[in-house]
Amino acid sequence: MPELPEVETVRRGLAEAMEGRRINQVLVRRTDLRRPLPGNFAEALEGQTITRLSRRAKYLLICLENETVVLAHLGMSGRMVIEQGTDAETPARKHEHIVFVVGNGTVIRFSDPRRFGLMDLTTESSLASHPLLANIGPEPLDDMFNGPALVQRLKGRKTPLKSALLDQRVVAGLGNIYVCEGLFLAGLSPRRSAHTVGLGRANKLVAATKKVLQEAIESGGSTLRDHVTATGEMGYFQHNFKVYGREGEACPVCNNEIRRIVQAGRSTFFCASCQG
DNA sequence: ATTGGTTCCTGCTGGC
DNA sequence: TGCCAGCAGGAACCAA
């Protein structure tokens, strides 16, 4: 499931292949993604040169010379994979929904079996107020995301800390894996009520979250099932998970058994003795 | 205002 | 061994 490190890894790969190149062709095979693809999607992009590949939260932003911005979310199972010199039209793979042809024959294939992903069009000037981005919290790797800011954002929230961190309005780009890992590294209980996190704990949590995200990006993200980089390689941060997916295994710090609980319908993995 | 529940979709898993 | 119901999961949306 692509979270910030996976999307960032994909972004870096796509930047290499797409920046400065002209979009020569866009094939749309399906328009019924998480939200309907804009009707003019292909026409709006064809002929435009890509100026920059950017990212906000878990959204990829493909910026074009005429100020158009493609907003792309990979959902649960989305992939963006680069191929050189293959035929864009064939083979027609089952879950391949959109294909971009850029420059002299570079093909970028967006596939997404579960179709929780989406693409939309906006412009540079209305990007920040786009409905999907308008209410999203700070980038976790930005200096704006710090202890005091986190305390402020958790104020008044009575949900468990774990659930609050998954809320994209609190902080952007985190998902189940990196929230579990960050809480473990910070030594904080996922069950703690969010508003009880004061400056000391918030500082620890911010530092832990940044560390986990940075290390994951350096590892090319985590590949559980679907994630591959834009060049088709697997990430390998999953080998560094301390608690995620490790129910019943020994905590790497204290050797107690790692537990799994369900919060707001999502699995939480944690060590009850390290995460007081 | 905040929060819990539902929904979208498909591949995988576990139980029989 | 094979089948199928049920689940997982990001986030918008709705209802309370």
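For the numbers below, each heavy atom of this structure counts, side chains included, while hydrogens, waters and symmetry mates do not. Lettering follows sequence order; numbering is per chain, from 1.
- Between A:Ser267 and A:Ile136, the residue anchored nearer the 5' end of DNA chain C, judged by the nucleotide with its closest heavy atom, is A:Ser267.
- Each of C:dG10, C:dC13, B:dT10 was ranked by its minimum atom distance to the side chain of A:Arg35; first place goes to C:dC13.
- Between A:Lys155 atom NZ and B:dT3 atom P there is a gap of 15 Å when expressed in whole angstrom units.
- Under the 4.0 Å criterion applied to side-chain N and carboxylate O atoms, A:Asp112 and A:Arg34 are not assigned as salt-bridge partners.
- Interface remark: the A:Arg114 side chain does not form any donor-acceptor pair with the B:dG11 base, using a distance-only criterion of under 3.5 Å.
- Under the stacking criterion of a centre-to-centre distance below 5.5 angstrom and an interplanar angle below 30°, A:Phe116 is not stacked against the six-membered ring of C:dA11.
- Mapping A:Asp167 and A:Asp112 onto DNA chain B via the closest heavy atom, the residue that lands nearer the 5' end is A:Asp167.
- Heavy atoms only, all atoms of each residue included: A:Val243 and A:Phe269 are closest at O-CB, 3.2 Å.
- In this model, the phosphate group of B:dT2 is not approached by any side-chain N or O of A:His195 to a distance below 4.0 Å at OP1 or OP2.
- When heavy atoms are screened at a 4.0 angstrom cut-off, A:Arg34 is found touching base atoms of the nucleic acid.
- At B:dA1, none of the side-chain N or O atoms of A:Lys158 fall inside 4.0 Å of OP1 or OP2 (strictly under the cut-off).
- Comment: A:Lys58 does not engage A:Glu3 in a salt bridge, judged by the lack of any side-chain N to carboxylate O separation of less than 4.0 angstrom.
- A:Ser126 and A:Thr123 share a donor-acceptor pair across their side chains, judged by distance under 3.5 Å alone.
- Protein atom CD of A:Glu3 is 14 Å distant from nucleotide atom C1' of C:dA8, rounded to whole Å.
- The separation between A:Gln263 atom CD and B:dG4 atom P is 11 Å, rounded to whole Å.
- Within 4.0 Å (heavy atoms only), A:Arg157 reaches sugar-phosphate atoms of the nucleic acid but no base atom.
- Within the 4.0 angstrom heavy-atom criterion, only backbone atoms of the sugar-phosphate kind lie near A:Leu132; the bases stay farther away.
- Among the atoms of the strands shown, only primed sugar atoms or phosphate atoms (P, OP1, OP2) are found under 4.0 Å from some heavy atom of A:Tyr244.
- Between A:Phe269 atom CZ and C:dG9 atom P the separation is 7 Å, expressed in whole Å.
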**OP:** Please lay out, stage by stage, how A:Glu8 and A:Arg12 fare under the test salt bridge (charged side-chain N to carboxylate O under 4.0 Å, His left out).
**Re:** CA-CA 6 Å; A:Glu8 176 62 20; A:Arg12 292 179 182 188; 2.9 Å; yes

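- Residue-level contact check: A:Ser163 touches neither bases nor backbone, having no heavy atom under 4.0 Å from any strand.
- You'll find the side chain of A:Leu64 reaches within 4.5 Å of the side chain of A:Ile23, heavy atoms only.
- In this structure, A:Arg266 atom CZ and C:dA11 atom P are separated by 10 Å, rounded to whole Å.
- A:Arg30 has its CZ atom 12 Å from the C1' atom of B:dC8, to the nearest Å.
- For A:Arg260, taking side-chain heavy atoms from C-beta onward, the closest of the listed nucleotides B:dT3, C:dA8, C:dG10 is C:dA8.
- Straight-line distance from the CG atom of A:Leu166 to the P atom of B:dT2: 17 Å, rounded to whole Å.
- Close to C:dA11, at under 4.0 Å from its OP1 or OP2, lies a side-chain N or O of A:His73.
- Between A:Arg169 atom CZ and B:dA1 atom P the separation is 11 Å, expressed in whole Å.
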